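Worksheet: the structure to be examined is printed underneath.
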Amino acid sequence: MSNLLEGKTALILGVANRWSLAFAIAQAFRREGAGLVLTYQGDRQRETVEGLGAELSAAVHCCDVTQDEDVGRLMDRLRGQGRLDAVVHSIAFANREDLSRPFAETSRPGFLLAHEVSVYSLVAVARAAAPLMNGGGSILTLSYLGAVRVIPNYNVMGVAKAALEASVRYLASDLGPSGIRVNAISAGPVKTTAARAIRDFSRILEDVEAKAPLRRNTDPAEVADTAVFLASDLARGVTGNILYVDAGYQIMGA
Ligand code: NAP
């Protein structure tokens, strides 16, 4: 590769550990010359994320995306460090019981929590980051096929991903006149901490391996390289898109 992100600064939210899709993206951004800022949700993750940040020479800050003050404080810190070129939102959460019982039994608090953490946070972060992206930039989020198809046990998270993908389109429309592009990668299933909360996740992986055109699962590095493309000037004409990086699984019927 050839320093596709040289001179750019990227904010990456959602690194929990070495297996996080956000960490694969951070590694690829660093390889391409980007300066990085990573965030962690709270004290429990601080040491891990600071360790991973040190590997990538990244600044590391605390930000619970459900707290407006956290988002505001983060942007104040970034403002002091110059402009921002890219934001990667790689965050989702739902109660474990809502990822195993029938969707019809989702509670009101469970529904609202999943949407607050996994969807509204993109809106809040995009609004706060936009003024730092004067002259243009790229905002990227991570979605999944459960947004458009019924995937066993994905339930409320599928509904949240549908709202996330619609939010990508509305944000792309609002922020496009300022030169800010907003896209999502719909990634194939990858064994991460968040994915392990989905009951029978290993069956989903087996199904992809058996049926995807490429007859294998998705490598986080493939998601990361697509994120590099979307953050780079190569994607200057691409906004409001949901780009599938899933070994082709989404085109298949039964
Ligand atoms: P992950 O490593 O567990 O990442 C999820 C991240 O969300 C964690 O860093 C988690 O932080 C963070 N988070 C949750 N609540 C938060 C809050 N209130 N404030 C700040 N951060 C919060 O799992 P992942 O699979 O890489 O997930 C990243 C994104 O990819 C998610 O949007 C997920 O839906 C999407 N995705 C995943 C797959 C897959 O199969 N793995 C496929 C398609 C799309 P803590 O751990 O500190 O709570």
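Indexing begins at 1, ligand by ligand and atom by atom, following the structure's order. Along the sequence shown, residues carry numbers from 1. Because the structure is predicted, anything quoted here is derived from the model rather than measured.
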Among pairs that include at least one residue of residues 29-84, which meet ring-ring contact (aromatic ring centres under 6.0 Å, His included), considering only residues two or more places apart or in two chains?
-> none
Tell me, which pairs form a ring-ring contact (aromatic ring centres under 6.0 Å, His included) where one or both residues lie in residues 114-152, sequence neighbours left out?
-> Phe111-His115, Tyr144-Tyr154
Apply salt bridge (Lys or Arg N to Asp or Glu O under 4.0 Å) to the pair Lys8 and Asp233, showing each step before the final yes or no.
-> CA-CA 10 Å; Lys8 293 189 190 290; Asp233 296 339; 3.0 Å; yes
Partner residues of Arg199 under the salt bridge (Lys or Arg N to Asp or Glu O under 4.0 Å) criterion, sequence neighbours left out | none
Which protein residues have a heavy atom under 4.0 Å from ligand 1?
-> Gly14, Val15, Ala16, Ser20, Leu21, Gln41, Gln45, Cys63, Asp64, Val65, Thr66, Ser90, Ile91, Ala92, Val117, Leu142, Ser143, Tyr144, Lys161, Ala187, Gly188, Pro189, Val190, Thr192, Thr193, Ala194, Ala195, Phe201
Would you check, one step at a time, whether the test salt bridge (Lys or Arg N to Asp or Glu O under 4.0 Å) holds for Asp174 with Arg127?
-> CA-CA 10 Å; Asp174 277 1; Arg127 184 174 58 243; over 6 Å; no
For residues Gln67 and Asp70, is any side-chain donor paired with an opposing acceptor at under 3.5 Å?
-> no
